[in-house]
**Student:** 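After the structure tokens below, expect a handful of questions from me.
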Amino acid sequence: MSTDDKNRAVAAAILPLVGGAGNITSVAHCMTRLRLGLRDRSLVRDEELKALPAVMGVVEDDTYQIVLGPGTVARVTPEFEALVAEAPAAPAATPSADDLAAQGAAIRAARKARNQTPFKLFLRRIANVFVPLIPALIGCGIIAGLNGLLINLGWLPAVTPALAAIASGFMVLIAVFVGFNTAKEFGGTPILGGAVAAIVVFPGVAKVDAFGQTLSPGQGGVLGALGAAVLAVYVEKWCRRWVPESLDVLVTPTLTVLVSGLVTIFGLMFVAGEVSNAIGEFADWLLVHAGAGAGFVLGGLFLPLVMLGLHQALIPIHTTLIEQQGHTVLLPVLAMAGAGQVGAAMAVYLRLPRNGSIRRTIKSALPAGFLGVGEPLIYGVSLPLGRPFVTACVGGAFGGGFVGLFSMLGTKVGSTAIGPSGWALFPLLDGDKGLGRTIAVYAGGLLTGYLAGFVATYFWGFGARLLEEFDVDTDTGPETVVAASAGTTPPPGPAPEPGPEPKPAKL
């Protein structure tokens, strides 16, 4: 058997075990794996597939991945694609929520592949430093808000000092946690990263002069801690290469902390402090002088930024603003993107009155959408449809412009933590004009986003071809929010009630 015949035989053996050509939505490969997008995961016969001599194993991620090994996969993939293309076309079927979920999964897989650039991978590593801190930021933020409410009402004066300590303790030492996570993420010893970052918040730095000024504890904040820990990782790795093994346990940690600490005190703290101050001043200036326009742009572009993975660059900025000012004024503006998505979904629901499958998915996903969980509506409805995703962004733009406009008028709206959005952000709101006005502005932004997303989608989100294709009777069985979010389709059978809502998406 020739090499080409052998590769085609491998492809032919795999195809029926993954549900046949009709079950394939996308085909790609990396160095060792054949990556398949599947319409129905339940059609895959895993054990038979693993038993094939050419298959070394399978991995499940955003796509179904069959390990064939280097060289082999590059030769089998074209044969597999040819077999899929040669398969008879299935009879045209009414587009359903399952079809949209499959398209959404394919889009997500393609987006993930595009995001594997050095710059985006670096942003992902930075995000990995800060994302584990979000639960503590949320918890402490809510406690801080509760404490502020009690102080304003004059209630429980004996308890409020304790609540203040509970809410503030984490923020005082956040640099240490950032340093620990940074060293862990970049391949160093976490405790050494935390030790170097602790210098940033140590009160004794107030006795040190650098660049003609006296340092202050916390100067540089999380950005200084991040830079200090990254430097510590590189110093540690250098020591591991050159320090004799017999002296490693003594010399490596000592040099790592000493060298990184000196550079942090006499360089990084000052530089990071200037950058942090610039971030805070620019955010304030932007919303005061160009709030409506800036809010419109930020609210409209946030969903595309999420699709490209560039939103991760905002996480250190949010954290810096929270550390400096007690809240981030950017998050409530960006949260309006989710409001536009909800409004768009409601318009899709009304514009497709005969497509019961898609309407059931929207009904299941809307409660999560109101709470800021965007993936089910994005990947299960608007993005596969195309134009409704664009009109959802329009809704986010108008909502962001509303919040930005009030910033220009003197009412700033901020969030004491990152992560939640939608209605889930209400307990974390903070501002400079009182809680009542802050809540009113944020609620007005949500309503504006809902309305603008609905109107834009209802009137401009559907062309004649899209309506002809999707506004038809369908009865395809169950679809759930989880299926739409994960890019998999549920097995056929009687439609169950939707399962529990997924966890909120991280902004």
Side-chain angles (χ1 to χ4, degrees), residues 1-116 357 379-380 383-386 465-466 468-470 472 474 476 483-484 486-492:
M1 181 183 295
S2 68
T3 302
D4 290 342
D5 290 339
K6 180 180 179 181
N7 293 327
R8 192 170 183 84
V10 172
I14 291 174
L15 184 57
L17 300 182
V18 292
N23 197 37
I24 306 299
T25 60
S26 65
V27 180
H29 75 87
C30 58
M31 290 293 293
T32 60
R33 303 175 186 180
L34 173 63
R35 298 171 178 260
L36 305 178
L38 303 175
R39 286 194 172 86
D40 190 341
R41 171 64 180 82
S42 66
L43 297 179
V44 178
R45 291 178 274 171
D46 297 275
E47 296 306 318
E48 295 179 49
L49 188 61
K50 294 175 185 177
L52 292 177
V55 175
M56 301 176 183
V58 298
V59 178
E60 292 195 59
D61 196 352
D62 284 14
T63 55
Y64 190 85
Q65 303 171 17
I66 303 171
V67 183
L68 299 175
T72 301
V73 69
R75 293 170 173 81
V76 171
T77 300
E79 300 293 343
F80 189 90
E81 290 177 320
L83 289 175
V84 172
E86 293 167 5
T94 299
S96 68
D98 291 348
D99 298 320
L100 292 185
Q103 294 176 39
I107 293 171
R108 177 183 287 184
R111 175 180 60 84
K112 184 175 181 180
R114 289 195 301 270
N115 282 345
Q116 303 301 315
S357 181
Y379 291 106
L383 190 57
L385 287 172
R465 185 197 60 80
L466 202 61
E468 181 181 355
E469 181 180 0
F470 283 93
V472 288
T474 178
T476 58
T488 59
T489 54

**Student:** Please report the C-alpha distance between V67 and V55 in whole Å, then the side-chain angles of each, then the deciding distance to 0.1 Å, and finally whether the side chain to side chain contact (heavy atoms under 4.5 Å, CB included) criterion is met.
**Tutor:** CA-CA 6 Å; V67 183; V55 175; 5.9 Å; no

**Student:** Could you walk me through whether L43 and L38 pass the side chain to side chain contact (heavy atoms under 4.5 Å, CB included) check?
**Tutor:** CA-CA 9 Å; L43 297 179; L38 303 175; over 6 Å; no

**Student:** Does E86 have more than 12 heavy atoms from other residues, nucleotides or ligands lying within 6.0 Å of its CD?
**Tutor:** yes

**Student:** For the pair R8 (side chain) and L83 (backbone), establish whether a donor and an acceptor sit closer than 3.5 Å, ignoring hydrogens and angles.
**Tutor:** no

**Student:** Taking atom OG1 of T77 and atom CG of L68, what is their separation to the nearest 0.5 Å?
**Tutor:** 7.0 Å

**Student:** Hey, is E79 close enough to R75 for a salt bridge, meaning N to O under 4.0 Å?
**Tutor:** no

**Student:** Enter the distance from L17:CG to R45:CZ here, rounded to the nearest 0.5 Å.
**Tutor:** 5.0 Å

**Student:** Between R39 and T25, which heavy-atom pair has the shortest distance, and what is it?
**Tutor:** CG-CG2, 3.3 Å

**Student:** Measure across L15 and A21 and return the closest heavy-atom pair with its distance rounded to 0.1 Å.
**Tutor:** CD1-N, 3.7 Å

**Student:** So, taking the atom named CG in D46 and the one named CZ in R41, what distance separates them when rounded to the nearest 0.5 Å?
**Tutor:** 4.0 Å

**Student:** If you compare all heavy atoms of V18 against all heavy atoms of N23, which two are closest, and at what distance to 0.1 Å?
**Tutor:** O-ND2, 2.9 Å

**Student:** Drop me the distance from Y64's OH to L49's CG, to the nearest 0.5 angstrom.
**Tutor:** 5.0 Å

**Student:** Between atom CD1 of I14 and atom CG of L52, what is the distance when rounded to the nearest 0.5 Å?
**Tutor:** 6.5 Å

